[in-house]
There are 2 protein chains.
Amino acid sequence: MARQRSTAPGGSGHREQRRATVVDVAKHAGVSTATVSRVMNRNYPVAAATRERVEAAARELGYVANAHARALAGSSGRTVGIIVSELIDPFYAYIARGVEREATAGDRLCLVCCTQGDPQRELAFIELMHERRADAVVLVGGSVDDPDYRAELSRRAHELAADGAKLVLCGRPSLGAGVPTVDVEYDNEGGAFAITDHLITRGHRRILYLGGPPALSTARDRLAGHRRALELRGIERVPELEQPGAFGRSFGYRRMRELLRDGPEFTAVFAANDIVAAGAAQALEEAGLRVPQDVSLVGYDDIPVAQELRPRLTTVRIPLEEMGRQAVRVALNGGDEDDWRAPTTGALRLGTHIVVRDSVGPPAAAPHGRGSSRQV
Amino acid sequence: MARQRSTAPGGSGHREQRRATVVDVAKHAGVSTATVSRVMNRNYPVAAATRERVEAAARELGYVANAHARALAGSSGRTVGIIVSELIDPFYAYIARGVEREATAGDRLCLVCCTQGDPQRELAFIELMHERRADAVVLVGGSVDDPDYRAELSRRAHELAADGAKLVLCGRPSLGAGVPTVDVEYDNEGGAFAITDHLITRGHRRILYLGGPPALSTARDRLAGHRRALELRGIERVPELEQPGAFGRSFGYRRMRELLRDGPEFTAVFAANDIVAAGAAQALEEAGLRVPQDVSLVGYDDIPVAQELRPRLTTVRIPLEEMGRQAVRVALNGGDEDDWRAPTTGALRLGTHIVVRDSVGPPAAAPHGRGSSRQV
DNA sequence: GTGAAAGCGCTAACAT
DNA sequence: ATGTTAGCGCTTTCAC
């Protein structure tokens with residue numbers, strides 16, 4: 001569908017309202033298009049009087065620059081793309097906020113896409129953003145570990161790089177040394193280690209690890225940190241105490257409920273993220289179990305719901321918004337068309353730390369689980 | 001700054017990698033650019049064999065279409081813009097989700113901007129999106145009622161319309177009959193009326209209305225609904241029971257705390273939204289007041305936190321995501337360059353309904369407030 | 001300080 | 001079914 005091209009001159013003296021262009025403005029102001037351009041971009045010496053006239057003409061004609069023509073003619077697309085799996089998930093929303101703010105700060109607009117967890121869609125969106133000549137495409141959150149997928153992603157990264165744009169991996173593992181990406185990560189494994197250790201320090205030995213798709217890098221790293229902490233303290237790993245699954249609230253609720261019925265004994269649960277923790281908390285509540293008296297509970301991410309739960313959730317804080325900011329910051333400044341090493345590759349790893357609130361206590365005298373006495 | 005024209009990655013014998021264009025692909029495939037275009041857009045008869053060759057050439061050259069050139073040459077920008085005040089606020093996030101999904105469904109990409117509540121920024125973003133030739137610009141959430149601002153907004157609406165694009169007002173009052181906008185609203189006033197009536201029906205007479213910037217249309221409408229319910233039931237309006245303010249959690253918390261210390265008596269609280277309710281809930285909790293035994297509490301929006309609070313919050317549900325969807329749906333289909341009445345103006349009003357959960361009970365024997373006995 | 005003109009990469013008539 | 005050829009609206013040397 002084309003912009004209205006407006007037919008005909010009509011009989012009346014009205015000129016058809018075709019959108020005004022530089023040419024119109026130039027004519028109207030009695031200058032050349034070059035001058036109009038210079039005025040609009042205010043980046044070139046132009047006589048005050050001339051500028052005044054041009055601006056007046058533009059205003060009068062309701063001139064609105066065409067960003068496409070502008071982008072085509074040379075300068076960058078002034079765009080940053082961000083791809084998340086779900087906008088309403090606070091984890092992604094906070095990162096998106098960081099990206100949006102930094103993009104705006106860098107005088108760019110932000111293209112946003114939601115994959116709903118579909119890697120195929122992710123790839124397609126990268127392509128679309130590349131077509132829009134985005135200066136950077138930020139890929140947020142854990143990724144699956146399919147070789148074909150990684151290969152495709154790498155290919156896209158190269159294509160983008162060939163075009164002077166950057167693919168930013170935010171909170172997911174690097175694609176390897178040869179692939180021109182910018183990596184902005186956080187210490188997933190470390191955070192999980194720290195909070196598990198926190199639990200152990202409080203005396204817990206039987207800790208239930210709950211949630212997180214085993215296929216997602218994020219979830220895998222958290223589980224790895226958890227295991228390392230156990231190992232370091234010489235605590236035997238009990239397979240039934242590892243219950244990965246999904247990252248949603250309903251998973252936390254349902255699985256916890258099942259486990260409460262016929263799962264192993266445990267005195268604490270480490271939910272793979274705060275959302276899962278919220279679900280688990282509900283199951284615990286409905287089972288008449290108190291947190292932290294009967295069972296301790298911790299999460300990961302420190303999104304707002306962590307403070308809304310009762311008791312308030314002890315969890316791992318990630319500098320979400322900061323990650324988003326850094327992602328675009330290094331992508332935009334890290335390779336300013338300077339001829340550094342060919343594809344500018346950056347890496348950044350932000351720290352995490354645990355936030356202690358009220359959901360952890362010493363282990364209950366009678367640990368919870370199959371065959372234990374249940375209070376109801 | 002131009003696309004990097006530079007050296008190819010690796011030291012091997014690569015030739016200078018300028019981004020491939022239709023011309024390159026055409027040459028490489030031994031066809032004309034027109035054919036390449038037809039293949040890429042798969043919307044025109046092309047011999048299978050030819051198509052095959054072209055596709056191969058494109059793949060081989062790593063051809064990525066230039067969306068700007070494409071947009072310039074005729075077709076639309078394939079873009080929908082959305083402007084919200086804050087992405088991490090679930091109210092906006094859900095609407096944004098609807099917009100994004102519908103945009104994607106309509107084969108468009110989504111430009112997102114956050115104003116952080118600044119009307120000036122809002123205007124600026126509209127302009128930017130117009131420059132990008134967005135097919136629709138969705139403005140989400142309440143607005144201030146400044147005449148100059150409305151005038152500016154109207155001007156932008158006209159400019160957009162002149163360009164075949166639509167300004168969509170989502171959850172905010174129309175700009176008037178003369179202005180070419182698409183309006184997608186929900187029944188703010190009605191929801192407030194309903195939930196206040198719910199409280200009254202349970203026996204409450206002294207209801208505290210808490211939060212919401214008086215300058216925002218959203219907040220004003222909610223307060224209006226509240227007042228109408230009171231009036232209809234013949235309940236006298238007590239000025240001190242109306243405590244507008246902000247839409248944030250901290251406002252709810254602080255003001256509630258102050259009010260608990262030296263405010264008027266009340267048996268129920270109607271928070272202007274769920275976030276404010278969450279803050280109020282905390283203040284209540286800290287004061288040793290139980291909900292709903294000592295005081296009832298309701299909110300507005302029905303965002304996820306409403307289910308996370310204990311007791312679960314009774315509130316007003318708004319079809320947030322649906323609004324977002326409709327916003328782009330009517331904007332995109334409502335005026336398909338057909339020559340209907342000049343500027344296609346649409347309007348849509350979605351319903352709200354209250355969701356009863358556990359935060360409302362009958363009034364406490366001893367109403368809460370200044371001079372009342374407080375349990376601690 | 002300002003103008004003229006050559007593209008940027010693509011699509012869409014219009015030919016063939 | 002495929003090729004030719006104008007532009008789309010803007011920026012940007014290069015002259016003046």
Side-chain angles (χ1 to χ4, degrees), chain A residues 1-7 18-54 57-58 61-78 130-133 162-164, chain B residues 1-5 18-55 57-58 61-78 130-133 163-164:
Chain A
M1 230 13 24
R3 295 286 148 207
Q4 56 196 42
R5 190 141 316 207
S6 76
T7 31
R18 203 214 46 211
R19 175 126 301 282
T21 73
V22 257
V23 178
D24 301 319
V25 177
K27 226 167 263 170
H28 201 83
V31 299
S32 74
T33 63
T35 300
V36 175
S37 175
R38 300 200 256 256
V39 169
M40 302 309 287
N41 294 299
R42 51 180 88 268
N43 54 359
Y44 232 78
V46 171
T50 315
R51 135 158 304 137
E52 188 53 46
R53 256 184 311 141
V54 172
L61 267 43
Y63 171 73
V64 176
N66 183 323
H68 297 301
R70 196 174 267 179
L72 185 54
S75 56
S76 98
R78 308 258 100 197
H130 187 179
E131 288 185 1
R132 299 302 227 251
R133 294 300 183 266
D163 222 345
Chain B
M1 52 170 58
R3 297 286 150 205
Q4 100 185 8
R5 193 138 312 209
R18 208 214 45 215
R19 175 124 300 282
T21 74
V22 257
V23 178
D24 301 317
V25 177
K27 224 166 267 172
H28 202 83
V31 300
S32 75
T33 64
T35 300
V36 174
S37 174
R38 299 199 261 256
V39 169
M40 302 310 287
N41 295 299
R42 51 181 85 270
N43 53 0
Y44 230 76
V46 171
T50 314
R51 138 159 304 138
E52 188 53 44
R53 254 185 313 139
V54 172
E55 278 169 345
L61 267 44
Y63 171 73
V64 177
N66 185 322
H68 297 300
R70 197 174 263 177
L72 221 212
S75 56
S76 96
R78 307 259 101 197
H130 187 180
E131 289 186 0
R132 301 290 227 258
R133 293 302 183 265
D163 220 347

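Note on naming: letters A, B, ... go to the chains in the order of the sequence lines (proteins, then strands), and numbering restarts at 1 for each one.
Residue contacts shown for A/Ala71 are absent, as no nucleic acid heavy atom lies under 4.0 Å away.
In terms of heavy-atom proximity, A/Ala71 sits nearest to A/Gly77 at CB-CA, 4.3 Å. The shortest heavy-atom contact between B/Tyr63 and B/Thr21 is CE1-C, 3.7 Å. For the residue pair B/Val64 and A/Arg133, the shortest heavy atom distance occurs at O-NH2, 3.2 Å. Heavy-atom minimum distance, B/Arg70 versus B/Ala65: NH2-CB, 3.3 Å. Shown here for A/Ala58 and A/Val25, the closest heavy-atom pair between the two residues is N-CG1, 4.0 Å.
Between the C1' atom of C/dC10 and the CZ atom of B/Arg78 lies a distance of 15 Å, rounded to the nearest Å. Distance A/His68 NE2 to D/dG7 C1': 17 Å, rounded to the nearest Å. Separating the CD atom of B/Glu131 from the C1' atom of D/dG9 is a distance of 12 Å, rounded to the nearest angstrom. Per the geometry, CZ belonging to A/Arg70 stands 18 Å off C1' belonging to C/dG7, to the nearest Å. Summarising the geometry, the separation between CZ on A/Arg51 and P on C/dG1 is reported as 11 Å, rounded to the nearest angstrom. Per the geometry, CG belonging to A/Asn41 stands 15 Å off C1' belonging to D/dT13, to the nearest Å. Spacing between atom CZ of B/Arg132 and atom P of D/dC10 amounts to 14 Å, rounded to whole angstrom units. Atom CZ of B/Arg19 is separated from atom C1' of C/dG9 by 12 Å (rounded to the nearest Å).
The end-to-end axis angle of the helix from C/dG1-D/dC16 to C/dT16-D/dA1, rounded to 10 degrees and based on five pairs per end, is 30°.
Not one side-chain nitrogen or oxygen of B/Thr35 sits closer than 4.0 Å to the OP1 or OP2 atom of D/dT2. One finds no side-chain N or O of B/Asn66 lying less than 4.0 angstrom from the OP1 or OP2 phosphate oxygen of C/dC8.
Applying the salt bridge (charged side-chain N to carboxylate O under 4.0 Å, His left out) definition to pairs two or more places apart or across chains, those involving residues 21-36 of chain A are A/Arg18-A/Asp24.
Under the ring-ring contact (aromatic ring centres under 6.0 Å, His included) criterion, B/His68 pairs with A/His68, sequence neighbours left out.
Atom CZ of residue A/Arg132 and atom CZ of residue B/Arg132 lie 10.0 Å apart, to the nearest 0.5 angstrom. Here B/Arg19 contributes atom CZ and B/Leu61 contributes atom CG; the two are 9.0 Å apart, rounded to the nearest 0.5 Å.
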What donor-acceptor contacts under 3.5 angstrom involve side-chain atoms of residues 31-51 of chain B, with partners at least two apart or in another chain?
| residue | atom | partner | partner atom | Å |
| --- | --- | --- | --- | --- |
| B/Ser32 | OG | B/Ala34 | N | 3.4 |
| B/Ser32 | OG | B/Thr35 | N | 3.4 |
| B/Ser32 | OG | B/Thr35 | OG1 | 3.4 |
| B/Ser37 | OG | B/Asn41 | ND2 | 3.4 |
| B/Asn41 | ND2 | B/Ser37 | O | 2.9 |

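Here the nucleotide nearest the side chain of B/Ala47, chosen from D/dA1, C/dG1, D/dG9, is D/dA1.
In the region residues 21-34 of chain A, proximity to DNA chain C at under 4.0 angstrom, judged on heavy atoms, holds for A/Gly30, A/Val31, A/Ser32, A/Thr33, A/Ala34.
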Each nucleotide N or O in nucleotides 14-16 of chain D that has a protein N or O under 3.5 Å away: list the pair and distance.
none

